[in-house]
> 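Quick one: the structure is below, and I'll ask about it shortly.
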There are 2 protein chains.
Amino acid sequence: MVTLEDVARQAGVSLATASRVLNGSTRQVGAALRARVEQAADELGYRANIAAQTLARGASNVIGIVVHDLTDPYFAALADGAMRAAATEGLLVMVGTTHRDPEQEIAYVATLNAQRVRAVLLVGSRVADPAVTGRLRDELARYQAGGGRAACVGQDLLGVDTVAPANRQGAAELARALAGLGHTRFAVLAGPPHLVTAADRCAGFVEALEELGLPAPQVIHGPFDRDGGYAAASQAGDATCVFAVNDVMAVGALAAYRERGVRVPDDVSVAGFDDIVTLRDHVPALTTVRLPLKDMGARALELALGEGDPAVVEQVAGEVVLRESVRRMT
Amino acid sequence: MVTLEDVARQAGVSLATASRVLNGSTRQVGAALRARVEQAADELGYRANIAAQTLARGASNVIGIVVHDLTDPYFAALADGAMRAAATEGLLVMVGTTHRDPEQEIAYVATLNAQRVRAVLLVGSRVADPAVTGRLRDELARYQAGGGRAACVGQDLLGVDTVAPANRQGAAELARALAGLGHTRFAVLAGPPHLVTAADRCAGFVEALEELGLPAPQVIHGPFDRDGGYAAASQAGDATCVFAVNDVMAVGALAAYRERGVRVPDDVSVAGFDDIVTLRDHVPALTTVRLPLKDMGARALELALGEGDPAVVEQVAGEVVLRESVRRMT
DNA sequence: ACCTCCTAGGAAAGCGGTTTCCAAGTCTGC
DNA sequence: GCAGACTTGGAAACCGCTTTCCTAGGAGGT
């Protein structure tokens with residue numbers, strides 16, 4: 001590899017001058033030398049060694065994003081939002097996927113700390129296990145002690161800047177909207193009990209029904225993905241309306257009903273949560289709670305990069321979107 | 001930040017010993033000292049500075065993946081495959097998205113070169129512009145000259161290891177299958193003419209029809225995404241069967257037809273390409289050409305990491321999957 | 001006992017940059 | 001024409017870690 005020293009030698013200048021010309025500096029360099037250096041760099045095909053720059057400058061230009069699963073469009077949208085924001089700041093992005101293993105998340109924080117990334121974004125639901133959360137907090141604290149910045153999209157459980165979707169309220173509004181259509185017997189495809197996002201959405205829904213004086217819904221737990229929705233739908237009893245705690249599960253549920261000849265929304269109404277863009281052409285169109293995922297990702301990055309000393313928590317409201325997957329009861 | 005020197009001092013050993021204990025080495029360290037070092041590191045919350053390690057070792061443990069658009073499930077699947085493979089090798093991943101701008105791709109190669117990443121994966125279609133391709137090749141050559149490894153998922157236009165989906169053959173087989181159902185009047189929602197993947201799929205389809213002695217299809221160009229498919233579908237004439245060069249476009253086309261009251265497959269048959277998993281619950285189920293995207297991503301990483309000196313090109317066959325979005329003509 | 005060979009530990013030289021600190025030269029203003 | 005203030009270029013320290021090279025001590029062989 002060609003180094004800055006090679007360039008300096010070829011241009012007949014000192015290392016310092018070459019560095020100032022090529023890699024930015026407050027200092028001026030005379031036009032003649034500048035030209036010589038630039039030509040030398042070009043001839044030699046010089047590329048600065050960023051590891052060396054990072055070491056010397058004591059600051060890196062990369063950020064880390066940790067998501068649960070990139071192939072889940074929910075995370076893809078959040079990550080994309082954050083990555084666009086990062087790109088406008090001239091930052092590079094390291095992406096880690098945990099495949100929903102909280103231990104992996106902790107490990108990634110450690111690794112990203114070792115990389116001395118400028119900021120790390122933890123994207124995705126927290127889990128309800130205090131031991132795991134505690135260890136993650138410790139790891140984050142260690143990172144922050146070294147000057148690292150962190151933010152989270154999910155729940156405010158880590159003591160860092162957080163973009164928190166209003167899962168409870170969104171689910172509650174959805175419940176009221178569905179109740180407003182005349183439904184009274186509900187089921188919730190609730191996802192895993194330990195996933196806070198799933199639990200919050202479920203709880204918000206259940207509470208709203210209670211406030212409305214409606215019977216408690218049947219709550220069916222299972223995986224948080226398409227197949228989880230598919231499986232859970234098969235266990236739903238005589239509900240007229242089924243709430244899957246995310247869109248991907250809802251699509252699984254719709255598939256299950258379709259296979260069994262249950263018509264949606266005629267026989268049963270189905271609603272999801274998130275308003276995943278890739279699914280907007282689904283038939284029947286999914287009633288859901290829209291979350292501005294890209295904005296949330298971008299906002300999380302802003303927060304992480306920002307100076308705010310006390311961790312800020314931003315609630316993001318969801319918007320109920322009624323579409324054809326639900327019907328009015330007559 | 002806590003440095004290795006801090007740890008060494010606290011443990012009362014030399015830097016060398018601390019390094020050997022904490023960051024791996026061929027050399028043995030006595031149990032007593034080892035324990036002291038580990039305890040000191042733990043007490044101080046030491047995390048190795050990877051920038052420094054990279055510099056000292058002259059080799060990094062990160063790879064770069066450049067994709068067009070992470071929110072497109074096609075790229076998400078490919079990237080996920082590659083990332084899983086990377087994880088098993090203990091490699092970290094930097095992801096760059098070009099948003100379909102070839103200049104961005106070139107810029108990323110330069111940046112990843114500067115990062116001295118172990119390998120870079122260029123995921124996604126090449127463009128038919130020789131000037132752009134030439135500049136990208138130059139940048140890759142510069143990277144490889146410094147010992148960098150590269151691979152591509154797409155077309156063999158870069159002189160690097162390549163995983164090449166058999167777009168022409170896949171499209172041709174699809175054409176024969178559709179013709180076998182009795183269709184004779186086709187339209188192709190062909191995507192952008194300069195995108196090689198789109199062009200290949202279109203060409204393979206057109207050629208196969210020609211070989212079958214069928215009339216040439218109507219070819220409609222447009223963007224390579226959902227909205228492109230939507231728009232293009234609106235311009236299709238009296239074809240009984242429409243081939244969208246990727247699934248996402250096909251879904252857009254289906255949406256357009258649905259809105260216009262055109263029934264699929266009764267009034268028109270629609271086929272796509274890729275077999276995107278997220279779309280497998282679409283109604284009507286999409287006829288398509290299945291590509292093993294995750295495997296392709298993983299394979300590309302293997303190739304990039306492998307030693308093979310002459311660049312290897314691996315064709316990946318697609319498999320025609322007939323589903324309900326097409327009908328047999330009677 | 002004595003010599004050789006191996007081993008564990010430490011000193012120090014890089015890795016490729018950035019940046020401080022100097023020195024020399026160039027402009028000002030009077 | 002000269003002191004003083006700016007510029008510009010270079011030497012060298014330093015960023016945090018790895019690794020080579022050296023040394024001293026211990027094990028093993030005879």
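Keep in mind that this is a model prediction, so the values were computed, not measured. So that the names make sense, note that chain A is the first sequence line, chain B the second, and so on, each numbered from 1.
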> Tell me whether the OP1 or OP2 atom of D:dT18 has a side-chain N or O from B:Ser19 closer than 4.0 Å.
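So the side chain of B:Ser19 is within the cut-off, an N or O lying under 4.0 Å from OP1 or OP2 of D:dT18.
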> Atom CG of A:Asn49 to atom P of D:dG16: distance rounded to whole Å?
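These atoms are roughly 16 Å apart.
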> Check every strand shown and say whether A:Ala51 touches a base, only sugar-phosphate, or nothing at a heavy-atom separation below 4.0 Å.
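The answer is nothing, as A:Ala51 stays clear of every strand by at least 4.0 Å.
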> Going by distance alone, is a donor N or O of one side chain under 3.5 Å from an acceptor N or O of the other, for A:Gln155 and A:Thr162?
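Side-chain D/A pair, A:Gln155 to A:Thr162: absent.
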> Rounded to the nearest Å, what distance is computed from the CZ atom of residue A:Arg20 to the P atom of nucleotide D:dT7?
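After rounding, the reported distance stands at 14 Å.
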> So B:Ile50, base contact, sugar-phosphate only, or nothing? Heavy-atom distance under 4.0 Å.
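B:Ile50: no heavy atom of the nucleic acid under 4.0 Å.
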> Any heavy-atom pair between the side chains of B:Leu157 and B:Arg137 that's under 4.5 Å?
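Not touching, per the 4.5 Å side-chain cut-off.
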> Going by atom types alone, do A:Ser60 and A:Thr54 pair a side-chain donor with an acceptor below 3.5 Å?
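No.
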> To the nearest Å, give me how far apart CG (B:Leu55) and P (C:dG14) are.
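Atom CG in B:Leu55 sits about 14 Å away from atom P in C:dG14.
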> Do any N or O atoms from the side chain of B:Ser125 and from the backbone of B:Val196 form a donor-acceptor pair under 3.5 angstrom?
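Present.
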> Below 4.0 angstrom from OP1 or OP2 of D:dG9, is there any side-chain N or O of A:Ser14?
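No, because none of the side-chain N or O atoms of A:Ser14 sits under 4.0 Å from OP1 or OP2 of D:dG9.
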> Ignoring hydrogens and angles, are the base of C:dG16 and the side chain of B:Arg116 linked by a donor-acceptor pair under 3.5 Å?
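No, the side chain and the base share no sub-3.5 Å donor-acceptor pair.
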> Measure CZ/B:Arg36 against C1'/C:dG10 and give the value in whole Å, please.
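The answer, rounded to whole Å, is 14 Å.
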> Pick the closest DNA chain C nucleotide for B:Ala16 and for A:Arg27 by heavy atoms, then say which residue is nearer the 5' end.
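Its nearest nucleotide lies further toward 5', so the answer is B:Ala16.
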> Measuring from the side chain of B:Thr17 (C-beta onward, heavy atoms only), which nucleotide among D:dC15, C:dG9, D:dG9 has the closest atom?
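Selected nucleotide: C:dG9.
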> So, is B:Gln53 close to the D:dT18 phosphate, meaning a side-chain N or O under 4.0 Å from OP1 or OP2?
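Yes, B:Gln53 has a side-chain N/O under 4.0 Å of OP1/OP2 on D:dT18.
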> Let me know the distance between CG of A:Asp6 and P of C:dC15, rounded to the nearest Å.
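So the two atoms are 11 Å apart, to the nearest Å.
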> So does B:Val2 get a backbone contact from the side chain of B:Arg47, meaning a donor-acceptor N/O pair under 3.5 Å?
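A pair under 3.5 Å: no.
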> Which part of the nucleic acid does A:Gly30 contact within heavy-atom distance under 4.0 Å: base, sugar-phosphate only, or nothing?
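Result for A:Gly30 = sugar-phosphate.
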> For B:Ala52 and A:Asn23, take the nucleotide of DNA chain C holding the closest heavy atom to each; which residue's nucleotide lies nearer the 5' end?
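Its nucleotide being nearer the 5' end, the pick is B:Ala52.
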> Separation of A:Leu33 atom CG from C:dA24 atom C1', in whole Å?
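For the pair A:Leu33 CG and C:dA24 C1', the rounded distance is 14 Å.
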> Could you give the CD-to-C1' distance, from B:Gln115 to C:dG17, as a whole number of Å?
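Rounding to the nearest Å, CD of B:Gln115 and C1' of C:dG17 are 14 Å apart.
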> Could you give the CG-to-C1' distance, from A:Asn113 to D:dG16, as a whole number of Å?
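For the pair A:Asn113 CG and D:dG16 C1', the rounded distance is 14 Å.
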